[in-house]
Amino acid sequence: SAEREGTLRIGDALITVDGKDTTGYDMENVRGTLMGRCGSLVCLGIRPRGAADGVEVQEVMLKRGTLEWWALHEELLATEDQLGAASEQVQEIRHMWLPGAS
């Protein structure tokens with residue numbers, strides 16, 4: 001996800017979508033503006049969280065995916081994180097019970 005990659009962060013302000021000002025848009029209008037053909041690019045104008053209104057908007061290009069793809073992608077990333085944590089726990093237990101084991 002863009003947040004996981006550091007492209008976007010929670011609290012960033014969405015100012016434009018493909019050059020179109022989104023100021024005053026409700027969530028449904030923003031969602032409609034963001035939707036497009038899977039695999040197509042969308043250009044977001046972002047003001048970083050906490051930045052003053054006069055701060056220059058940063059443009060970020062993202063590739064659109066399907067909602068199903070994004071849901072699956074997020075689920076896979078969460079599973080990957082859980083497996084990584086479980087692997088670390090197994091290593092800790094192995095070192096407790098089998099000193100010198102790697």
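Heads up: numbering here begins at 1 and tracks the sequence. The model shown is predicted, which means the values in this text are computed figures rather than measured ones. Every heavy atom of this structure was used, including side-chain atoms; hydrogens, water molecules and symmetry mates were not.
Between P48 and Q58, some side-chain heavy-atom pair lies under the 4.5 Å cut-off. A heavy-atom distance below 4.5 Å is found between the side chains of Q91 and R94.
Separation of atoms CZ (R47) and OG1 (T16) is listed at 10.0 Å; rounding is to 0.5 Å. Atom-to-atom distance recorded for E92:CD and W97:CH2 is 14.5 Å, nearest 0.5 angstrom. Note that CG of D18 and CG of L44 are 7.5 Å apart. Values are rounded to the nearest 0.5 Å.
Side-chain atoms of D12 come within 3.5 Å of backbone N or O of R49 as a donor-acceptor pair. A donor-acceptor pair under 3.5 Å links the side-chain atoms of T22 to the main chain of L14, judged by distance alone. Checking side-chain atoms of T33 against main-chain N and O of N29 turns up a donor-acceptor pair under 3.5 Å. In this structure, the side chain of R64 engages the main chain of L41 through a donor-acceptor pair within 3.5 Å.
In terms of hydrophobic clustering, with Ile, Leu, Val, Met, Phe, Trp and Tyr side chains grouped at heavy-atom distances under 4.5 Å, V60 and V57 are assigned to different clusters.
Taking each heavy atom of I15 and D21 in turn, the nearest pair found is O-OD1, 3.3 Å. Between M61 and C43, the closest heavy-atom pair is SD-CB, 3.3 Å.
Counting non-hydrogen atoms of neighbouring residues, nucleotides and ligands closer than 6.0 angstrom, the CE atom of M27 reaches no more than 12 such neighbours.
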